[in-house]
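A quick write-up on the structure given underneath.
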Amino acid sequence: MSNNLLRGTFVLTLGTYISRILGMIYLIPFAAMVGTTGGGLFHAGYAQYTIFLSVATAGFPAAVSKFVSKYNALGDYQTSRRMFKAGILVMLITGLLAFAILYMLAPWFAIAALAERELNGVTVEDATLVIRMVSIALIIVPLMSLIRGFFQGHQSMGPTAVSQVVEQLVRIVFLLVSTYIVMNVLNGGLVLAVGYATFAAFVGAVGGLVVLFIYWVKRKGTLLAMQDNPIEAEPMPLGRMFKEVFRYAGPFVFVGLAIPIYNYIDTLTFNRAMLSTGNEQSYTMDMFSVLLLYVPKLVMIPVSLATAFGLTLIPTITESFSNNNRGLLHKQIDQTLQVIMLLVLPAVIGLSVLAGPAYNVFYAGTSEEIGKHILMWYAPVALLFSLFTVNAAILQGINKQKLAVISLVIGLIVKLSINVTLIELYEGVGSIIATAAGYIVSLIYGFAMIKRHAGYSFRLLIKRSLLITILCIFMGLVVSVVFSILSIFINYADSRMNAVIVVGIAVVVGGATYAYLTYRSHLLEKLLGNRLNRFLPSKKRSVE
């Protein structure tokens, strides 16, 4: 059973990673075709869709997964099946409602995002069309998410993983092909091309739903065999079932909304704040597109690691907390936070130092100077994203879900209160500072609550983090020196291939330096323990 669970977790994590990597890579040809103006229009549509999708699903699929798993374990298959059928109806209703509201209010959302009737050639009518085309996906995506949750509740992760990858592949192929055909074959213009690019969310969802249907047909016999209860169970009233599911769902929806809400605050305030200080429309649109669409995709690479940790952390923390095993609980928290620091901190420092060539690898020719500047400032915020994700997972694991929500709300209040002022003062960097401030406040509150309710001491974490920071600074200096030397011979701005060569060499040298430093300081051995013993020679000294 444990092997099946581990295999399922690995399959699900792998599918999620492949999906996210694909979701980052497609922006290279897409940015080349539509530029920053098209990217800004694309984001104006997608930002609304992301929020509406999160509200429409409301954490329901993940909660249903937990519900089904619980009642299957009790042998009460009828209750889990009734929940699934009721959940399908709920997702159909919320999906249709979300679609209808977003479709009807699209003009209002369009003007809220653009801040003008026309911004750099993009009109409110253009943005309205894009928002309405992506809104159609809301009809079926919640339903698809629920079916994935049902399979996961049966410890069957393959359908979710495969459907995620297929959904992403279908979406990307349709997006790129339709954008190219509209712009280069039909001469349909940028707006229609971006409209079809957002409509790709619906086409991809259809592909994912087809995969789930195939899995359902293949496994129907096994699932039907579980309809007869091996135990006597009173039929649970629907009201009680939904009350339990929504209790599970609350933390999932709020914490999952963290990054989209921060992003959406900028979507609604950035253009207005920039234009109010006299910036040109073209410059404002370029900054808007780079800040909210292109750079975040690069920054999310290290963050996805923390997300994977967060997903797998909750059940292990919950078990230790429930068994009142404080020693194991503290060790799990320690190791998780330290490994996040060990892996994410060097990644964000390296990304910040190599901001210019790293941006050019993906978006050569797309507002390169703005992209370099924004990425250099934005990269370190990825560490805060990662720590917040794990912080929230720990609070959920110790049964303090409400505190995770409070932590998020406090951070959002900080972001809202200073965002416009900082954008007016520092443009895109001001938005990044406001985001960082919000996450820092959330983290301070969250860690204080973990200390209070889990009795956790930060002494070892602080000591190890200080050592990791020193090693990362040294690594950053090495990367900076290598980058400076390479720049004498190779101009990364000349071509994407030059940028790839510069980034590749600098990353290899920096990574080797960091690996050597963590090895010599015995940090790897302390954090990864027995996993490294088979590869490393025995050591007599260690760091605490």
Side-chain angles (χ1 to χ4, degrees), residues 27-50 106-134 175 179 182-183 188-198 262-299 359-360 362-378 419-420 422-432 434-435:
L27 279 178
I28 299 173
F30 183 67
M33 286 190 283
V34 303
T36 47
T37 300
L41 179 58
F42 181 84
H43 174 76
Y46 236 89
Q48 333 289 333
Y49 166 74
T50 303
W108 184 88
F109 286 115
I111 198 165
L114 296 180
E116 298 278 347
R117 293 297 308 179
E118 182 175 341
L119 180 63
N120 197 35
V122 175
T123 66
V124 169
E125 289 73 24
D126 296 336
T128 299
L129 172 68
V130 170
I131 293 170
R132 283 178 169 169
M133 288 190 78
V134 75
L175 181 150
T179 301
V182 170
M183 294 192 70
L190 180 66
V191 175
L192 187 61
V194 173
Y196 274 102
T198 55
Y262 271 90
N263 191 284
Y264 195 61
I265 290 171
D266 284 321
T267 301
L268 296 181
T269 59
F270 185 78
N271 287 335
R272 198 175 305 278
M274 287 284 287
L275 294 172
S276 70
T277 57
N279 285 291
E280 293 182 359
Q281 288 193 356
S282 59
Y283 177 69
T284 297
M285 179 61 94
D286 287 351
M287 184 75 76
F288 177 79
S289 180
V290 169
L291 176 70
L292 298 180
L293 177 65
Y294 293 135
V295 165
K297 287 289 186 180
L298 297 180
V299 172
Y359 184 86
N360 275 39
F362 289 89
Y363 311 121
T366 309
S367 299
E368 293 171 6
E369 282 304 311
I370 294 174
K372 170 187 173 182
H373 184 61
I374 293 297
L375 181 56
M376 183 178 68
W377 281 87
Y378 209 135
N419 198 52
V420 172
L422 288 177
I423 292 172
E424 290 173 349
L425 290 172
Y426 306 113
E427 299 178 345
V429 173
S431 164
I432 296 167
T435 297

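Throughout, numbering of the chain's residues begins at 1 and tracks the sequence.
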Closest non-hydrogen atom pair, [X] against [Y]:
X: Ala31; Y: Tyr363; answer: CB-CD2, 3.9 Å
X: Leu268; Y: Ala113; answer: CD2-N, 4.5 Å
X: Met33; Y: Met183; answer: O-CE, 3.6 Å
X: Thr179; Y: Ala193; answer: OG1-O, 3.8 Å
X: Thr284; Y: Phe270; answer: O-CE2, 4.0 Å

Which donor-acceptor pairs under 3.5 Å do the side chains of residues 126-133 make with protein atoms, sequence neighbours left out?
from: Asp126; atom 1: OD1; to: Thr123; atom 2: OG1; distance (Å): 3.3
from: Asp126; atom 1: OD2; to: Thr123; atom 2: N; distance (Å): 3.0
from: Asp126; atom 1: OD2; to: Thr123; atom 2: OG1; distance (Å): 3.0
from: Thr128; atom 1: OG1; to: Val124; atom 2: O; distance (Å): 2.7
from: Arg132; atom 1: NE; to: Tyr103; atom 2: O; distance (Å): 2.9
from: Arg132; atom 1: NH2; to: Tyr103; atom 2: O; distance (Å): 3.4

Calculate, to the nearest 0.5 Å, the distance between atoms [atom1] and [atom2] belonging to [X] and [Y] respectively.
X: Thr198; Y: Leu175; atom1: OG1; atom2: CG; value: 8.5 Å
X: Leu293; Y: Thr36; atom1: CG; atom2: OG1; value: 10.5 Å
X: Leu298; Y: Phe362; atom1: CG; atom2: CZ; value: 5.5 Å
X: Asp286; Y: Ile374; atom1: CG; atom2: CD1; value: 11.5 Å
X: Met287; Y: Asn279; atom1: CE; atom2: CG; value: 7.5 Å

>> I'd like to check the side-chain hydrogen bond (donor to acceptor under 3.5 Å, both in side chains) partners of Thr37; sequence neighbours left out, ordered by chain and number.
In response: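 Expected list: Asn120.
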>> Listing request: all side chain to side chain donor-acceptor pair (under 3.5 Å) pairs with a residue in residues 288-298, at least two apart in sequence or in separate chains.
In response: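 Of all non-adjacent pairs touching residues 288-298, none passes side chain to side chain donor-acceptor pair (under 3.5 Å).
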Side chains of [X] and [Y]: does their closest heavy-atom pair fall under 4.5 Å?
X: Tyr378; Y: Leu291; result: yes
X: Val299; Y: Leu375; result: yes
X: Thr267; Y: Gln48; result: yes
X: Tyr359; Y: Val290; result: yes
X: Ile423; Y: Thr269; result: yes
X: Asn271; Y: Gln281; result: no
X: Glu125; Y: Val191; result: no
X: Leu422; Y: Ser431; result: no

> Who are the salt bridge (charged side-chain N to carboxylate O under 4.0 Å, His left out) partners of Asp266, not counting sequence neighbours?
Replying inline: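 Asp266 satisfies salt bridge (charged side-chain N to carboxylate O under 4.0 Å, His left out) with Lys415 once adjacent residues are dropped.
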> What residues, two or more places apart in sequence or in another chain, satisfy salt bridge (charged side-chain N to carboxylate O under 4.0 Å, His left out) together with Glu280?
Replying inline: none
>> I need the full list of ring-ring contact (aromatic ring centres under 6.0 Å, His included) pairs touching residues 29-49, with sequence neighbours left out, sorted by first then second residue.
In response: Phe30-Phe42, Phe42-Tyr46, His43-Phe288, Tyr46-Tyr49
>> I'd like to know if Glu424 pairs up with Arg272 as an ion pair, taking the criterion as any Lys NZ or Arg NE/NH1/NH2 lying under 4.0 Å from an Asp or Glu carboxylate oxygen.
In response: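 Here Glu424 does not pair with Arg272 in a salt bridge, since their nearest N and O are not under 4.0 Å apart.
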